[in-house]
Amino acid sequence: MTIPQHKNRIRTLAAALAGAAAGVAIFFWLYGAMTLDVTSDAWILNGYDETDILQHYAGWVLFRNSHWALPPGLCDTLAWPQGTMIAYTDSLPWVSMAFKLLRGALPSTFQWFGWYTLFCFAMQGAAGALLCTRGAKSGGWGGHLAFAALGGLLFVCLPTLWERAFRHVALASQYLFLFALYFYLEYRAALAQGRRPRWGWVFAALPFAAVGIHPYFLPPVMLCTLLAGIELWRAAKRPLAGAGLFGGGLLAALAGAWLTGAVGGGVEVSRHGYGEISMNLNALFNPSSRGGYTWSRLLPQQAQNPSQYDGFNYLGLGVLALVASALLYSVWRTARCPADTAAWWRRNGPLFAACAFLTLFAVTNNITFGSWTLSIPIPQALTDLCGIFRSSGRMFYLVAACMVLFGVYTLRGACAWSHPAAGRGRALACGLLAVVCAVQLWDLSAVAAQKRALFAQEPAPNVVTAAETQTLGAGHIRLLAASPLREDRTRRLAILAGKQGLATNISIAVSGQYPAAEALALQAGEQLLAGQYDPETVYVTTDGAQYEQWQSIYAGDPGVTLFVTDSCYFLVPQAAG
């Protein structure tokens, strides 16, 4: 029975909502509701597996206080007086800009990271449900929604989402390329059926969104745009229209990159590290990541190079079993129905080629399997170009999603083939997918418990919450460091500056050189040793010997307050404090 188009749209929306509900349920199971209190940032100040979330939060609180300028992504309160771009603090530029528009109505302490991560889980579930149920336009509502919820649950239980959530909030936005994949498949299906596709505008909107969430999502989203353009050429014989579709997506991405300051902002982009922060070939079954979590109840951790912690791509036991079974079933079907296999390759050849490219990029020219390494020399110019996306293991996320989808579609097709009666086939598919989800949840249950326990810890005292630093007043924080600082201390000092409404010469950006800020620190240090200080400036150092000099020079000055907290040494003039 064919369902009318308007009812299909209702079923599609219902499927997305069922998947989103699964995502929300998993979020609360993992983290509870504590992170949703927008006026509480103590859990952020603790850090999460590493100090990246401190960097992202510091970028937001400083950007909130910055002046509006062109490009809008300029943050002139960070790396002062030169300033930097919000894109280079990984603080989700579009989200930061949206809340900056509301800054007059926001409380003094305001963090949106918990709500955004909840949104990521909901959208991952919605996208997963749509991907798993696409093409199923008939049948009862019960089976349709059950399969949608299970499909959304499976995608939400991909370990790469859990591993990135809160550790690197922007990289939890994996729904971007999942929706890009969904709309590409829908676009391809419409062209194959001789219908006019309805989603062309999405291939401009998603690149625009991706570049302002995190640039690492731009390549997989643009690849889906390219694939849609290729289908216009292959199926509709419209190569110019396909080129226009891809070109429109590229222009939208460039516009978003300029608005956020990712390009054209005068900040040099780092181009080193490609081939080091890569994906090990054992990553799919290696439950090893930053934080020491137990990612699998069954599989042991495998060897990898220290710098490959960022190439985490463990699939989970349920997904591994699903994909392995799908491969075995496909081999059997190939022997039975070679014509079907040939048709599959004709239909999916471009997508398979895109996945092969992303896999090669993720592995890099330094191929590793465990501790074994094979280096293939490539030109330095190519290394520098690829170095823009030096954490190359992240490029495998889309490939992993395609592997999950291959498993789900194979399962769905096998059940329909073995049980021609639609009701029995759908029931069997739901039952088998429920088993896969159960195995996946069991495999990840230990890490889920560890993450819940992590959020139950009491916040540690730090320089941001110290009583002495609560009223620093207006002015600037100048960091005077005689030796390199630990990242956590630098980032907490930047947060302190932002929460106190101060500008700072501290740089926490991941790219660029800031000579003006560095020169300012050196100049200020020389002036302090000469007995001179700016009454509107708060001075900080982590060098105990330097602080002793300050004490000897300013001990009798009633206009200066000296104190130590969290291994940070402060000199605060009364006008600034």
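Predicted, not measured: the structure shown is a model, and the values here were computed from it. By convention here, the first residue in the shown sequence is residue 1.
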Quiz item: With side chains defined as the heavy atoms from C-beta onward, is the minimum distance between Leu218 and Pro207 less than 4.5 Å?
Solution: yes
Check: residues 20-40 side-chain donor-acceptor pairs under 3.5 Å, at least two apart:
| from | atom 1 | to | atom 2 | distance (Å) |
| --- | --- | --- | --- | --- |
| Asp37 | OD1 | Thr39 | N | 3.1 |
| Asp37 | OD1 | Thr39 | OG1 | 2.8 |

Quiz prompt | Greater than 12 external heavy atoms within 6.0 Å of Glu458's CD | solution = no
Quiz item: So, for Phe208 and Ala252, which heavy atoms are closest and what is the spacing to 0.1 Å?
Solution: CD1-O, 3.3 Å
Quiz prompt | Thr341 OG1 to Arg333 CZ distance, which is reported to the nearest 0.5 Å | solution = 7.5 Å
Quiz item: Listed by chain and number, what are the ring-ring contact (aromatic ring centres under 6.0 Å, His included) partners of Trp442, not counting sequence neighbours?
Solution: none
Quiz prompt | Asp488 side-chain N/O to Thr51 backbone N/O, donor-acceptor pair under 3.5 Å | solution = no
Exercise. Please lay out, stage by stage, how Trp60 and Phe63 fare under the test ring pair (Phe, Tyr, Trp, His ring centres under 6.0 Å).
Key: CA-CA 5 Å; Trp60 151 242; Phe63 181 67; 7.3 Å; no
Quiz item: Under 6.0 Å from the six-membered ring centre of Tyr216 and within 45° of its axis: does the NZ or CZ of Arg394 meet both?
Solution: yes
Quiz item: Can you check whether Phe396 and Phe361 have ring centres sitting under 6.0 Å from each other?
Solution: no
Exercise. Report yes if the distance between the aromatic ring centroids of Phe177 and Tyr182 is under 6.0 Å, otherwise no.
Key: no
Quiz item: Measuring from Phe455:CZ to Gln450:CD, what's the distance to the nearest 0.5 Å?
Solution: 13.5 Å
Quiz item: Do Ser96 and Trp112 have side-chain heavy atoms sitting under 4.5 Å apart?
Solution: yes
Quiz item: Aromatic ring centroids of Phe121 and Tyr175 under 6.0 Å?
Solution: no
Quiz prompt | Ser91 versus Tyr57, side-chain donor and acceptor atoms under 3.5 Å | solution = no
Quiz prompt | Electrostatic pair Arg390:Asp310 at N-O distance under 4.0 angstrom | solution = no
Quiz item: With no hydrogens and no angle check, do the side chains of Gln308 and Thr368 hold a donor and an acceptor under 3.5 Å apart?
Solution: yes
Quiz item: Under 6.0 Å between the ring centres of Tyr293 and Trp162?
Solution: no
Quiz item: Pairs in or reaching into residues 274-291: which pass salt bridge (Lys or Arg N to Asp or Glu O under 4.0 Å), with residues at least two apart or in two chains?
Solution: Glu50-Arg290
Quiz item: Is the distance between the ring centroids of Phe166 and Trp43 under 6.0 Å?
Solution: yes
Self-check item: Near-ring test Phe352/Trp345, centroid separation under 6.0 angstrom
Solution: yes
Practice problem: Could you tell me whether Phe110 and Phe99 have their ring centroids closer than 6.0 angstrom? | Solution: yes
Self-check item: Side chains of Tyr314 and Ser296, donor plus acceptor under 3.5 Å
Solution: yes
Quiz item: Looking only at side chains, do Ser288 and Trp295 share a donor and an acceptor under 3.5 Å apart?
Solution: no
